[in-house]
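The structure under discussion appears below in the form of structure tokens.
The first residue in the sequence is number 1, and the count goes up from there.
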Amino acid sequence: MGEQLSGTAALAKGLETILTPVVEQCDRHVEKVLASQEQLATQIDRLTQIMHNIQEATPSSTVTKQAHKLFSIRERVAALAVLVQTVQMRLANLQALKAQLPSAPSLLEQ
């Protein structure tokens, strides 16, 4: 008989074929989300400083409430950034596991 892939090699190759594009696409999206989160955090910091300056100039309960809202949003953005980093680490782990899979040609039956 001709050379055929063993069941394990065929499964490994199939999983690699299916998962590689998905993992790469997900990784690209995670990188975009991280960049977006960094931009958002910068803008929130800028707005927080502006709100602080306004609050010092004209103490008002409305300004204080808005400043607290901005601070709350900033904390949520930071928490989301941690979550996105966790996802990115998991993607890296998947890529590392993929690299450890035996390559299909070395598992050919003879």
- Look at the side-chain heavy atoms of Ile, Leu, Val, Met, Phe, Trp and Tyr, link any pair under 4.5 Å apart, and say whether L34 and L40 land in one connected group. no

- Note on the structure: dist R28:CZ -> E24:CD (nearest 0.5 Å) comes out at 6.5 Å

- Message: To the nearest 0.5 Å, what is the distance between OG on S72 and CZ on R74?
- Response: 12.0 Å

- Query: Would you say the side-chain atoms of T17 pair up with the backbone N or O of K13, donor to acceptor, closer than 3.5 Å?
  - Reply: yes

- Item | Distance-only polar pair, side chains of R46 and Q43, donor-acceptor under 3.5 Å | yes

Table please: side-chain donor-acceptor pairs of residues 76-88 below 3.5 Å, with sequence neighbours left out.
residue: T86; atom: OG1; partner: V82; partner atom: O; Å: 3.0

- Message: For a quick check under 3.5 Å, do Q49 and N53 share a side-chain donor-acceptor pair by atom type?
- Response: yes

- Task: Please name the pair of heavy atoms, one in V22 and one in I18, separated by the smallest distance, quoted to 0.1 Å.
- Result: CG2-O, 3.6 Å

- Query: How long is the span from the CE atom in M51 to the NZ atom in K65, to the nearest 0.5 Å?
  - Reply: 12.0 Å

- Query: Can you name the closest pair of heavy atoms from L70 and I44 and give their distance?
  - Reply: O-CG2, 3.7 Å

- When rounded to the nearest 0.5 angstrom, what distance separates CG in L19 from NZ in K98? 9.5 Å

- Message: Just so I know, are the side chains of L91 and V30 near enough to count as touching, which here means a heavy-atom distance under 4.5 Å?
- Response: yes

